[in-house]
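Remember, it's a predicted structure, so these values are computed and weren't measured experimentally. Numbers restart at 1 for each chain; the letters A, B, ... are given by sequence-line order, proteins then strands.
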2 protein chains.
Amino acid sequence: MPARGVTSLDVARLAGVSQSTVSRVFSAEDRVSEETRARVLAAAQNLGYQPNVLARSLTTQQSNIVGIVTHISNPFYPYIIEKLTRKLQEMGRQTLLFSVEPDQDVDEILPLVLQYRVDALIITSASLSSEMASQCERQGTPVVLFNRYVPGAKVSAVCCDNIEGGRLVANLLLDAGHKRLAHIAGRAPTSTNRDREKGFADRLRERGYGTWLRDESDHAYQSGREAAQRLFRRPDRPDAIFCVSDAVAFGAIDAARYDCGLRIPEDVSIVGFDDLPTAAWPAYSVTTIREPVNRMVDLTLELLVERIEHPQAEPVLELLPGQVVKRTSARLAI
Amino acid sequence: MPARGVTSLDVARLAGVSQSTVSRVFSAEDRVSEETRARVLAAAQNLGYQPNVLARSLTTQQSNIVGIVTHISNPFYPYIIEKLTRKLQEMGRQTLLFSVEPDQDVDEILPLVLQYRVDALIITSASLSSEMASQCERQGTPVVLFNRYVPGAKVSAVCCDNIEGGRLVANLLLDAGHKRLAHIAGRAPTSTNRDREKGFADRLRERGYGTWLRDESDHAYQSGREAAQRLFRRPDRPDAIFCVSDAVAFGAIDAARYDCGLRIPEDVSIVGFDDLPTAAWPAYSVTTIREPVNRMVDLTLELLVERIEHPQAEPVLELLPGQVVKRTSARLAI
DNA sequence: TTGAAAGCGATACCAT
DNA sequence: ATGGTATCGCTTTCAA
């Protein structure tokens, strides 16, 4: 018969000490004599005792749990979540994972998240209303947006500079002498999607480039492939496509080669965004904008800790530059 | 000044009812008059109150949290975790994520997991000692292994039938008339790795096939590519490779085409295992063994719920058959 | 250094 | 239908 729930009191009785003492042994180094500490640890070991951190959170007002809201179908995020989780673990915090659909509003799930009294919240997909942002504030739950920002709201955010990234791509393609440009944009109205497109468009206009084609996708391979097919089947088919993300670029490359019989980069250049590990594989070898993910992750956690410790601190928007990674999916300047 | 921590008592005072009543409104439909319910909800809304589920867990002895221990570098798992998380969410439970290194023992992290009083635990990578398994049992925490099993231990497991999968591959390659077979095995001593190799080897022997080459990898693209390079550079280079997983197969395919100038499948056949979404992309088009992931996920959750509700139930080992998916990375029977 | 006792924020039993 | 109160497992004064 399993002893359902060994408590500190059980340990105390076995060790012949008070329950307070057991608590001391298992919390931050309080003054406990070596001898009693040993007795307590022995008793705990004996009973298989593990402190209940949920109960602890009641008194300490800290759960040591960080919520992460994400949607995983964009392959950029598993990659980020792994890094975040690993580092949080090193800091003694755990990750409570919430999955949302790309089109689903974070606002829907936020009340649920808040019920778990997470010490902080990282949102890597979609954004949240300023109403919900202030609800988090009221509960004292700091929020950091990863690769998103909400212009009005009082939440911190860590972002790749997507506008500048879009501009870099425009330069790259124009410098290579491309004549018929296209952009496969992200469908959702997120800051990331908007900014990548805006930077691209702004720079094209600045350089006097007239019009370009446009299609949409949802950051996934299949929808990128379909969008590219539509573009390639036009009479004025593009000779270069800027894809909103690498996942879309993989689809576009396969559409070119396998669906439409085009050579890359001779017939068409494809540029992505993110620099996923797969972008370096020779089968794709995608020219792309590398997001500084390690620094983004580190910064996210720094901001998080900062705001956990100083809840009154002003929210910060960190914008990190992306970097062109030239591979073989795009023609180079002549 | 943010009101740190709105409690049910605050709501009660504002609504002019007892704290018990507020509790009733927010827990399973207890009998509360429509009128008071409305008053309470209004007050709660007003204060931005969300019940503290951590506190609730103290009395209910249920955290509604399910732990998932995994390592995410194998791309099979993000895919699984997303499915699990989504379905758990639909069941009103949340996912607490723990990340381990492939070579790291789950035993190390298990005490930490247990401190969070998760209602149940899913382990998708590495396995656990029977000692730890019994510690879970003692705490009343049901464990389900996903794609792993521990022969001795009393824990439930849901697995693809990896032995049979290995046999299927052996048949496939011999039927196609291949003469110099190789296997890129998984380095870690897990049941998955062992069984895939065992099934393959057993079947080869049964069919009187003499010896085959062997190398190792860690389920990741890069190490698969390197293992394949080593094989291809041998004087007796293989004309067919069975890779322990799709991720390794991608690496092997790129090694063949881009590092060694071999054609697929004319010069060498590559077979994977898992059927990741990427395996269907035409750039790889991997012949592979499809794991029935949807059924595996559903079964995992069924077993979980079953054991949460009936902790005394005997552990179950579910073995689901994989299925050959023929694409173009392997030659077919003549 | 150790113990007693008062919370933390909820649930649940027992009255009314 | 509602309120009072003991309780969950721990931390944290306050005394000793």
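- The interatomic distance linking A:Glu34 (CD) with C:dT2 (P) rounds to 10 Å, in whole Å.
- Of the charged side-chain nitrogens involved, none lies within less than 4.0 Å of a carboxylate oxygen, so that B:Arg295 and B:Asp298 do not count as a salt-bridged pair.
- Straight-line distance from the CG atom of A:Leu9 to the C1' atom of D:dT7: 13 Å, rounded to whole Å.
- Not one side-chain nitrogen or oxygen of B:Thr60 sits closer than 4.0 Å to the OP1 or OP2 atom of C:dA12.
- Neither OP1 nor OP2 of D:dT12 sits under 4.0 Å from any side-chain N or O of A:Ser27.
- Taking 4.5 Å as the limit, every side-chain heavy atom of B:Met296 sits out of range of all side-chain heavy atoms of B:Leu299.
- With a 4.5 Å cut-off on side-chain heavy atoms, B:Leu320 and B:Cys160 do not count as touching.
- Relative orientation of the B:His71 and B:Tyr77 rings is tilted, given thresholds of 30° and 60° on the angle between their planes.
- Counting non-hydrogen atoms under 4.0 angstrom, B:Arg56 reaches the backbone sugars and phosphates but no base.
- When heavy atoms are screened at a 4.0 angstrom cut-off, A:Ser57 is found touching no nucleic acid atom at all.
- Not one side-chain nitrogen or oxygen of B:Thr59 sits closer than 4.0 Å to the OP1 or OP2 atom of C:dT11.
- Of the two residues near DNA chain D, B:Glu35 and B:Ala55, the one whose nearest nucleotide lies more 5' is B:Glu35.
- The CG-P distance, from A:Leu58 to C:dG9, rounds to 7 Å in whole Å.
- Within 4.0 Å (heavy atoms only), B:Val22 reaches no atom of the nucleic acid at all.
- Rounding to whole angstrom units, CD of residue A:Gln61 and C1' of C:dA10 are separated by 13 Å.
- Judged by distance alone with a 3.5 Å cut-off, a donor-acceptor contact links the side chain of A:Ser20 to the base of C:dA4.
- Taking 3.5 Å as the limit, the base of D:dG3 and the side chain of B:Arg24 contain a donor-acceptor pair of atoms between them.
- Taking every heavy atom of residues 45-54 of chain A and every atom of DNA chain C, no pair lies under 4.0 Å.
- The only member of A:Glu82, A:Glu90, A:Gln89 that meets side chain to side chain donor-acceptor pair (under 3.5 Å) when paired with A:Arg86 is A:Glu82.
- Here salt bridge (charged side-chain N to carboxylate O under 4.0 Å, His left out) pairs that include residues 46-73 of chain A, with residues two or more places apart or in two chains, number zero.
- The nearest whole Å value for the distance from the CD atom in A:Gln19 to the P atom in C:dG7 is 16 Å.
- Each of A:Ile123, A:Ile68, A:Leu121 was evaluated against A:Val113; a single residue qualifies, A:Leu121, per the side chain to side chain contact (heavy atoms under 4.5 Å, CB included) test.
- A rotation axis mapping the C1' atoms of four pairs onto the next four is fitted at both ends of the helix from C:dT1-D:dA16 to C:dT16-D:dA1 over five pairs, and the angle between these axes is 30° to 10 degrees.
- Ring geometry, A:Tyr49 versus A:Phe26: the interplanar angle exceeds 60°, so the pair is classed perpendicular (tilted spans 30 to 60°).
- B:Ile65 contributes atom CD1, which lies 12.0 Å from atom CZ of B:Arg117 (distance to the nearest 0.5 angstrom).
- Atom-to-atom, CZ of B:Arg31 to P of C:dC13 comes out at 11 Å; the value is rounded to the nearest Å.
- Atoms CD (A:Gln62) and P (C:dG9) sit 14 Å apart, rounded to a whole Å.
- Nucleic acid contact class of B:Ser23 (heavy atoms, under 4.0 Å, all strands): base.
- When atom types are taken as modelled, the side chain of B:Asp119 and the backbone of B:Ser63 share a donor-acceptor pair closer than 3.5 angstrom.
- Between the CG atom of B:Leu114 and the P atom of D:dG9 there is a distance of 15 Å, given to the nearest Å.
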